[in-house]
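Residue numbers begin at 1 in each chain, while the letters A, B, ... track the order of the sequences.
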Amino acid sequence: MFSIYKKEIRSYFNSPLAYVLFGMYIFIFSFFFLGLLLNPRGSSQFVMGGYLYQVGILLTFILPIITMKAFAEERKNGTEVLLMTSPVSVAGMVLGKYLAALTVFFVMTLLTLIYPIITINTGNLNVMPTVSSYIGHFLMGAVFVAYGIFTSSLTHNQIIAALLGVAGLFGIWFVDFLSGMFRGSLRSFANWISFFYRFRDFVQGILNSKDLVFFLSLIGLFLLLSMIVIEKRRWSQG
Amino acid sequence: MIEIQNLTKHYGPIKAVENISFSVEKGEILGFLGPNGAGKTTTMNMITGYLPSTKGTVKVCGYDIGQDPKEVKKRIGYLPEIPPIYTDMTVNEYLSFVSDLKKVDKSIRKSQISDVMEIVKITHVQKRLVGNLSKGYRQRVGLAQALIGGPEVLVLDEPTVGLDPNQIIEIRKLIKSLGKEHTIIFSSHILQEVSAVCERVVIINKGEIVAIDTPDNLSNNMNKATRFSIKIAGPNNEVSDALKGVEGVLSVEPGTNNYEDVFEYMVDSQKDIDVRRPAFFAMAKLGYPILELKSVGMSLEDIFRKLTTKEQEAEIDINSVPVEEQEVE
């Protein structure tokens, strides 16, 4: 598992893709942040969490691009054979790749910490809700990465993997967006399924074990599904 | 060393490999021969544990691939048809990744990598990106990958495909020299290659074994008749009738015109009778001079054709079989 993790990390940081995405992410992040500062709305005290909530939508596009190559590229290049015929388990492969992509996302998130740090030094920041929001943000991103790894295991085409990733994640956001229009059980289902809805607890500074379990089990679910897909293909491919 | 029993792979209704059994002794180079789509790659994928089998067992050094896949995988170096290389790594980085993957002991990692690079002659390109190397070098890098970890068994799937003639000869030499220390299974659809490199040949067609033997035995056993090619100056009909009249001649293929009145005939004769002398006198009597007479052994190529096109409705040219190998896809 560790050998795969190291290889993935090297391949991420050796290619321009990671840096382009970092740059894009920070640019858009900063752009909106600036807009927020110039046109303060509502509360006099700046709420970082609300901002991270909006950035979450950006992640639905960026994270699938990071994870798209994970398994799709290996299949396309025939290097999957090397991994499968070496003494590494499928679980080790999936975990190694997941942790590597998660590390990339972690670095991305670290870069954005510059804004809360500036805000603490120059103004007023509610520290605890910001910390909990960042935890929520990271957990949500961790689910996105797991989902991206899963879509990458489905196909040998990276573009399709990325599109499936974006479609799924953005779809969930859309459900969340529309949930205001729903009534009754449909609405509670929309809220239950939505990462974004759960994220609101974190914004308010609440670390809810229910949400934590929800996120962690989703990560587990998608990684498990990836393993099953890869195993199953070995048995059925023709 | 390697024991394969009743190995079978079905893809739904398609029988890719059917009841294959053979064994490979330690230090042997076994050729795995068959037309495209015969099931060579599928079989190799099952031996190396990439694909699970529908039925049957593969045992490598006493370990069963189904029960102890890790133990088997440790002992096999596999070069698939498409070398599993990462184009964004240098040769050195790639080989250290493979060492890492195969859990080579850290203390011997460096020396092993440089030894392996020395063996396949890629030391001078070690700092270059694999993606920038030519096909021949990529193949060598792939082979180096298979050698990392010092496996006892090497499984090489069509290692010479797509190389130029010089490279092919070099890779063959390399395989032959590797055969001194490794047990090798090596697939190909090229006959000369198999007869040049291997001690024993398994011929497989449509997922089934049609023959296992040494290249020499194969050509001997198939030669029930001795075959001659004779060039004679004289009228076609008259000459071939006269040839048929010679004692011991089984059949005469009608002559093909070479030039003017010279025809070339293929004559099959009984194995224990030398027909060359009587044929000479017969022709001398008629006054038609023999310009050339040579014996033609049945090549492995003919045998292969005979074996793999047997019982097929249509004649298939092995060089242009449109059916593709059962691929990874």
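The two atoms that bring A:G78 and B:P84 nearest to each other are O-CB, 3.6 Å, heavy atoms only. Nearest heavy-atom pair across A:R234 and B:Y50 is NE-O, 2.9 Å. Pairing each heavy atom of A:V88 with each of B:K103, the nearest pair is CG2-NZ, 4.5 Å.
A distance of 9.5 Å separates OG1 of A:T85 from CD1 of B:I65, quoted to the nearest 0.5 Å. With values rounded to the nearest 0.5 angstrom, B:S96 atom OG is found 13.5 Å from A:K7 atom NZ. Atom OH of B:Y78 sits about 11.5 Å away from atom CG of A:L82, to the nearest 0.5 Å. Note: B:T87 OG1 to A:N77 CG = 6.0 Å, rounded to the nearest 0.5 Å. With rounding to the nearest 0.5 Å, the separation of OG1 in A:T79 from CD in B:Q145 is 10.5 Å.
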Q: Go through B:D88 and A:S11 one step at a time and tell me if the side-chain contact (heavy atoms from CB on, under 4.5 Å) criterion holds.
A: CA-CA 7 Å; B:D88 59 345; A:S11 118; 3.7 Å; yes
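Only the backbone of B:S53 comes within less than 4.5 Å of a heavy atom in chain A; its side chain stays farther off. Residue B:L79 does not touch chain A at all, counting heavy-atom pairs closer than 4.5 Å. With a 4.5 angstrom heavy-atom cutoff, B:V98 touches chain A only via side-chain atoms. At a 4.5 Å heavy-atom cutoff, the contact between B:P52 and chain A is made by backbone and side-chain atoms alike.
Other residues, nucleotides and ligands contribute more than 12 heavy atoms inside 6.0 Å of the CZ atom of A:F13. For A:F174, the CZ atom sits in a loose shell: 12 or fewer heavy atoms of surrounding residues, nucleotides or ligands are nearer than 6.0 Å. Other residues, nucleotides and ligands contribute only 12 or fewer heavy atoms inside 6.0 Å of the NZ atom of B:K121. In this structure, A:I28 places its CD1 atom where more than 12 heavy-atom neighbours from other residues, nucleotides or ligands lie under 6.0 Å away. For A:F106, the CZ atom counts as loosely surrounded, since its 6.0 Å shell holds 12 or fewer non-hydrogen atoms of other residues, nucleotides or ligands. A:E231 CD: more than 12 foreign heavy atoms inside a 6.0 Å radius. Heavy-atom contacts from other residues, nucleotides or ligands closer than 6.0 Å to CD of B:E3 number 12 or fewer.
Among the candidates B:K74, B:E71, B:K102, B:M89, the residue making the largest number of heavy-atom pairs closer than 4.5 Å to chain A is B:M89. The candidate with the highest count of non-hydrogen atom pairs below 4.5 Å against chain A, out of B:I76, B:L101, B:T48, is B:L101. Listed options A:S15, A:S86, A:G92, A:S89 were ranked by heavy-atom pairs under 4.5 angstrom with chain B; first place goes to A:S86.
For the residue pair B:Y86 and A:E74, a side-chain donor N or O sits within less than 3.5 Å of a side-chain acceptor on the partner.
Without hydrogens or angle criteria, B:K73 side chain to A:M84 main chain gives a donor-acceptor distance under 3.5 Å.
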